[in-house]
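A short write-up of the structure that comes next.
Labels below follow one simple rule: chain letters A, B, ... track the order of the sequence lines, proteins then strands, and each chain is numbered from 1. Predicted, not measured: the structure shown is a model, and the values here were computed from it.
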Amino acid sequence: MPELSDVEGFKRYLNRHAAGRRIERVDRVDRSMLRTGSVRGLAGCELGSARRHGKWLIAEAGLATVLMHFGMTGLLHWSGNGGARHVHDRVVFVLDGGELAYRDMRKFGGVWIAREARRVDELIGSLGPDALEVDRDDFRELLAPRRGSVKAALMDQTLIAGLGNLLVDEICWRARVHPGLALARIGPERRDRLHACMRAVLRDSIPHGRIPPEPGWLTGARDDRRSGACPRCGTRLRRATIAGRTTVWCPRCQPKR
DNA sequence: TCAGTTGTTTATAT
DNA sequence: AATATAAACAACTG
């Protein structure tokens, strides 16, 4: 789940419940998920409000910076007064007034504590601009030198940060662009349409903190196993691996040519 | 039992 | 040099 819209939801969640509270301690329930080892110095600090870059969530805590990545199954969970720990809680920030748990079933994500700007830069310095900050001209300039498929480019975090498999499929579907199409064959019109749809998909999904489970979204029709019908025209959706990821598209709305 | 899974990194191939 | 592909990471679902 965790792509830009999801992490935006986690950001709001952290800021609503946990930001501004004093850190009493940090429990490394699963030691390996605190990727940088020590939590020394955090106790007594105030947890700052979070910002987001791409799929990363970042918050200051005293002189340190806390960074979280949610991998495939990560999320945050707040319990106001001593709620039970969940089996997948990996790192728990025990705060004044409640606990913020970094929960991750599959453990592809993690929590990093950086004490120098250099360390932050090592983690997120290679990311491209956040997808929300990319205007139409930026989009054109970023894509101009790229050679591969639309899907590979939009998924590349060093090009544009925040778009994942589901968002990219959703964007291509709205823009009526086949995700496997080479960028060399995308003219200005379709390129601008991709940009407009990127903005629209983000705008519409961010308030939900996810791609909303509502009619009119491709993701609602893709189903885990078998693809459903195109929400726009009813055509049976196609499914194949493109740029290494399971990709769903409508063969009628998004023709290959 | 086995294939499949929203992300990233690394190695290898083209 | 830039892209593409596959595997690995870990744990669960259908």
Exercise. With pairs taken as Watson-Crick or G-U wobble and both distances under 3.5 angstrom, which stems of at least three consecutive pairs involve DNA chain B?
Worked result: B:2-5 with C:11-14, B:7-14 with C:2-9
For this session: Look at the side chain of Met72(A) and decide which nucleotide, out of dT5(B), dC12(C), dT8(B), has an atom nearest to it.
Result: dT5(B)
Problem set entry | Side-chain donor/acceptor of Arg103(A) to backbone N/O of Val92(A), under 3.5 Å | no
Exercise. What do you reckon, do Phe108(A) and the base of dC9(C) stack, with centroid distance below 5.5 Å and planes below 30°?
Worked result: yes
Problem set entry | C1'-based separation of dA7(C) from dA3(B) [nearest Å] | 16 Å
Exercise. If we take the C1' atom in both dT1(B) and dC9(C), what is their distance in whole Å?
Worked result: 22 Å
For this session: Examine dA11(C): is either OP1 or OP2 under 4.0 Å from a nitrogen or oxygen in the side chain of His88(A)? Give yes or no.
Result: no
For this session: Give, ordered by number, those residues of residues 144-162 of chain A having at least one heavy-atom distance below 4.0 Å to an atom of DNA chain C; if nothing qualifies, reply none.
Result: Pro145(A), Arg146(A), Arg147(A), Gly148(A), Ser149(A), Ala152(A)
For this session: Could you give me the CA-CA distance, side-chain angles and deciding distance for Asp137(A) and Arg140(A), then say whether salt bridge (charged side-chain N to carboxylate O under 4.0 Å, His left out) is met?
Result: CA-CA 5 Å; Asp137(A) 289 342; Arg140(A) 184 189 66 238; 3.0 Å; yes
For this session: Write down the atom of Lys151(A), the atom of Thr246(A), and the distance for their closest heavy-atom approach.
Result: NZ-O, 3.8 Å
Exercise. Applying the ring pair (Phe, Tyr, Trp, His ring centres under 6.0 Å) test to His69(A), which of Trp56(A), Trp112(A), Phe108(A) qualifies?
Worked result: Trp56(A)
For this session: Decide side chain to side chain contact (heavy atoms under 4.5 Å, CB included) for Val201(A) and Ser5(A); before the verdict, give the C-alpha distance in whole Å, the side-chain angles of both, and the deciding distance to 0.1 Å.
Result: CA-CA 9 Å; Val201(A) 165; Ser5(A) 316; 6.0 Å; no
For this session: Count the heavy atoms belonging to other residues, nucleotides or ligands that lie under 6.0 Å from CZ of Arg252(A), then report whether that count exceeds 12.
Result: no
Exercise. Just to confirm, is there a sub-4.0 Å distance from OP1 or OP2 of dC9(C) to any side-chain nitrogen or oxygen of Lys107(A)?
Worked result: no
Problem set entry | salt bridge (Lys or Arg N to Asp or Glu O under 4.0 Å) contacts touching residues 72-86 of chain A (sequence neighbours left out) | Asp27(A)-Arg85(A), Arg85(A)-Glu99(A)
Exercise. Distance-only, no hydrogens or angles: does the Glu3(A) side chain make a donor-acceptor pair with backbone N or O of Leu167(A) under 3.5 Å?
Worked result: yes
Seminar exercise, completed: Taking for Ser126(A) and for Thr246(A) the nucleotide of DNA chain B with the nearest heavy atom, the one nearer the 5' end belongs to Thr246(A)
For this session: If the plane angle is over 60° it's perpendicular, under 30° parallel, otherwise tilted; pick one for Tyr13(A) and His17(A).
Result: perpendicular
Exercise. Can you tell me if the side-chain N/O atoms of Arg103(A) get under 4.0 Å from OP1 or OP2 in dA11(C)?
Worked result: no
For this session: Name the nucleic acid region contacted by Gly164(A), choosing base, sugar-phosphate or nothing; use a 4.0 angstrom heavy-atom cut-off, strictly under.
Result: sugar-phosphate
